[in-house]
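Each remark here refers to the structure printed beneath this line.
Treat the numbers as computed from the prediction; the structure is a model and nothing was measured.
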Amino acid sequence: MESLSQADHGPGSYTINLLFKHLLTTLLEVLRFSTLALVISLEAIFVLQKWKPIFHFLLLSIFILIFTIKPYFLSSTPVYLVDFSCFKPPDFCKTPFCLFLENASKIESFDKESVAFMAKILTSSGLGEETYLPPALHCIPPKPHQQESIKEAEMVLPPIMEDLLSKTKISPRDIDILIVNCSGFCPSPSLSAIITNKFSMRDDVKSFSLSGMGCSAGAIAIDMAQNLLKVHKNSYAVVLSTEILSTGWYPGHEKSKLLLNCTFRMGGAAILLSNKNEAKRSSKYKFFFSVRNQRSYEDKSYVAAVREEDSEGKLGVTIHRDLLQIVGETLKSNVTILGEQILPTLEKFWHAVSIIRKRFFNRSEEIYVPNFKSVIQHFCLPTSGSPLIREMAKGLKLGEKEVEAAFMTLRRFGNQSSSSLWYELAYLEAKEMVKKGDMVWLLGIGTGPKCCSLVWECLRPIVGESNRGPWAGSIN
């Protein structure tokens with residue numbers, strides 16, 4: 001199976017397929033605009049030659065067919081992001097470095113080497129001194145029990161749901177679709193059942209729980225919701241994204257499993273989507289495009305980050321050294337597909353030319369990286385750590401301004417897994433950076449590995465968010 005996978009997905013065939021896709025996309029756009037130029041030229045000739053009005057009518061019909069009617073029929077039902085809410089944990093959950101390391105040194109399962117390693121990771125992680133851990137992990141020793149995880153879920157999910165309903169002025173019984181994602185904690189009844197029960201939702205609400213999908217689950221849940229909204233008309237969909245940490249604490253000595261203890265922190269987000277016509281007036285964003293891809297077919301990628309027991313039977317997530325490289329390969333495929341859909345023709349042309357040069361003329365030449373800043377104004381990247389943010393910024397040629405939200409979210413709140421993207425968007429709104437017409441790219445990458453890109457268009461000026469939400473009191 002491994003050899004077959006490599007044969008089907010080798011770098012040579014990938015490059016050729018990539019080249020043809022770029023050339024085909026560019027050719028179609030050139031053909032479309034050539035048709036427009038031809039119609040205009042013919043119309044000019046008809047005017048100069050004083051041809052009969054019927055010819056003007058035929059040309060006008062062709063123009064309408066190509067540029068108006070076809071896109072109209074191909075367009076899908078618009079999906080709007082009405083609003084969202086982020087969880088801000090209480091102050092008693094704050095975990096400065098000194099408290100984290102003091103508690104770790106008192107836990108018998110950690111030796112001095114393990115504590116020293118975690119101290120080193122904390123120092124270089126990019127986290128600040130005001131991130132949060134749930135009450136169960138403040139205990140000595142921590143309590144990674146089922147009931148503590150339920151308590152953490154009830155601490156995070158109902159408040160953000162209530163805040164979202166208050167913001168949008170809708171009732172729980174107005175909700176048609178409910179999706180809850182949490183990677184490491186999958187109770188029975190499910191988290192979506194807990195929310196349905198808590199808010200006495202309708203008996204026909206379409207509820208889903210996503211687990212085991214890592215940091216990309218939040219973006220994947222949104223993609224799932226917008227696809228469901230294409231089928232279920234005149235509906236509201238709520239997505240709740242979180243990671244329950246009480247059940248994910250690793251109490252062993254293996255360094256590759258201690259990383260998540262140091263960087264993962266509390267967080268949660270609630271997002272309301274709708275395809276109702278009246279939602280456009282009050283919504284913040286309109287869904288523009290999404291891309292999903294994964295590399296689970298490849299054994300090396302599949303085990304890059306995996307939850308497993310250590311030699312002593314203690315459960316934890318192993319992070320392998322080649323994770324950054326695999327993330328880069330997964331991201332490359334995702335960005336290529338996204339670029340084909342949203343980049344200007346000229347950017348796609350130069351990218352295709354650079355691939356041809358590298359493939360057939362000069363293998364040492366670097367492939368041209370398209371300028372995504374020509375169409376995207378704001379970027380919300382995974383906050384899995386400073387090294388990953390820097391590598392993604394380098395690969396996409398982003399400057400300090402474009403990665404500011406990611407670094408600031410990592411510093412203030414840590415890595416909140418699937419919900420981090422919404423804290424970044426909340427940061428951009430609190431800074432009043434997002435203007436009407438701006439495009440926002442939310443990028444989720446998680447274990448599997450999986451990657452999901454969401455592109456949104458801002459529908460209205462967003463002001464007054466600095467005094468509410470997770471950044472209230474700390475945005476400056």
Lys284: partners by salt bridge (charged side-chain N to carboxylate O under 4.0 Å, His left out), with sequence neighbours left out: Asp83, Glu429, Glu465
With Tyr285 via ring pair (Phe, Tyr, Trp, His ring centres under 6.0 Å) - residues at least two apart: none
Qualifying residues under ring pair (Phe, Tyr, Trp, His ring centres under 6.0 Å), relative to Phe264, sequence neighbours excluded: none
Pairs where residues 270-282 contributes a residue and the test side-chain hydrogen bond (donor to acceptor under 3.5 Å, both in side chains) is met, not counting sequence neighbours: none
Sequence neighbours excluded, every pair satisfying side-chain hydrogen bond (donor to acceptor under 3.5 Å, both in side chains) that has a member inside residues 117-128: none
Residue Arg411 excluded, over 12 heavy atoms near CZ under 6.0 Å: no
Contacts of type side chain to side chain donor-acceptor pair (under 3.5 Å), residue Thr196, not counting sequence neighbours: none
Set of residues satisfying side chain to side chain donor-acceptor pair (under 3.5 Å) with respect to Gln226, sequence neighbours excluded: Asp223
Spacing of Leu191 atom CG and Thr242 atom OG1 [to the nearest 0.5 Å]: 8.5 Å
Arg295 (side chain) donor-acceptor with Lys450 (main chain) under 3.5 angstrom: no
Sorted by first residue and then second, give each ring-ring contact (aromatic ring centres under 6.0 Å, His included) pair with at least one member in [range]; sequence neighbours left out.
{"range": "residues 180-216", "answer": "none"}
{"range": "residues 444-472", "answer": "Phe287-Trp456, Phe413-Trp471, Tyr427-Trp471"}
{"range": "residues 154-178", "answer": "none"}

Tabulate below the donor-acceptor pairs under 3.5 Å that side-chain atoms of residues 232-239 make, not counting sequence neighbours, or state none.
from   : atom 1 : to     : atom 2 : distance (Å)
Lys233 : NZ     : Thr77  : OG1    : 2.7
Lys233 : NZ     : Lys230 : O      : 2.8
Ser235 : OG     : His232 : O      : 3.2
Ser235 : OG     : Lys233 : O      : 2.9

Identified side chain to side chain contact (heavy atoms under 4.5 Å, CB included) counterpart of Thr95 within the set His138, Met266, Glu129: His138
Least distance between heavy atoms, Ile376 atom then His378 atom: CG2-O, 3.2 Å
Between Ser420 and Thr409: side-chain donor-acceptor atoms closer than 3.5 Å: no
side-chain contact (heavy atoms from CB on, under 4.5 Å) involving Asp310 - partner list, sequence neighbours excluded: Tyr250, Glu254, Lys257, Glu312, Lys314
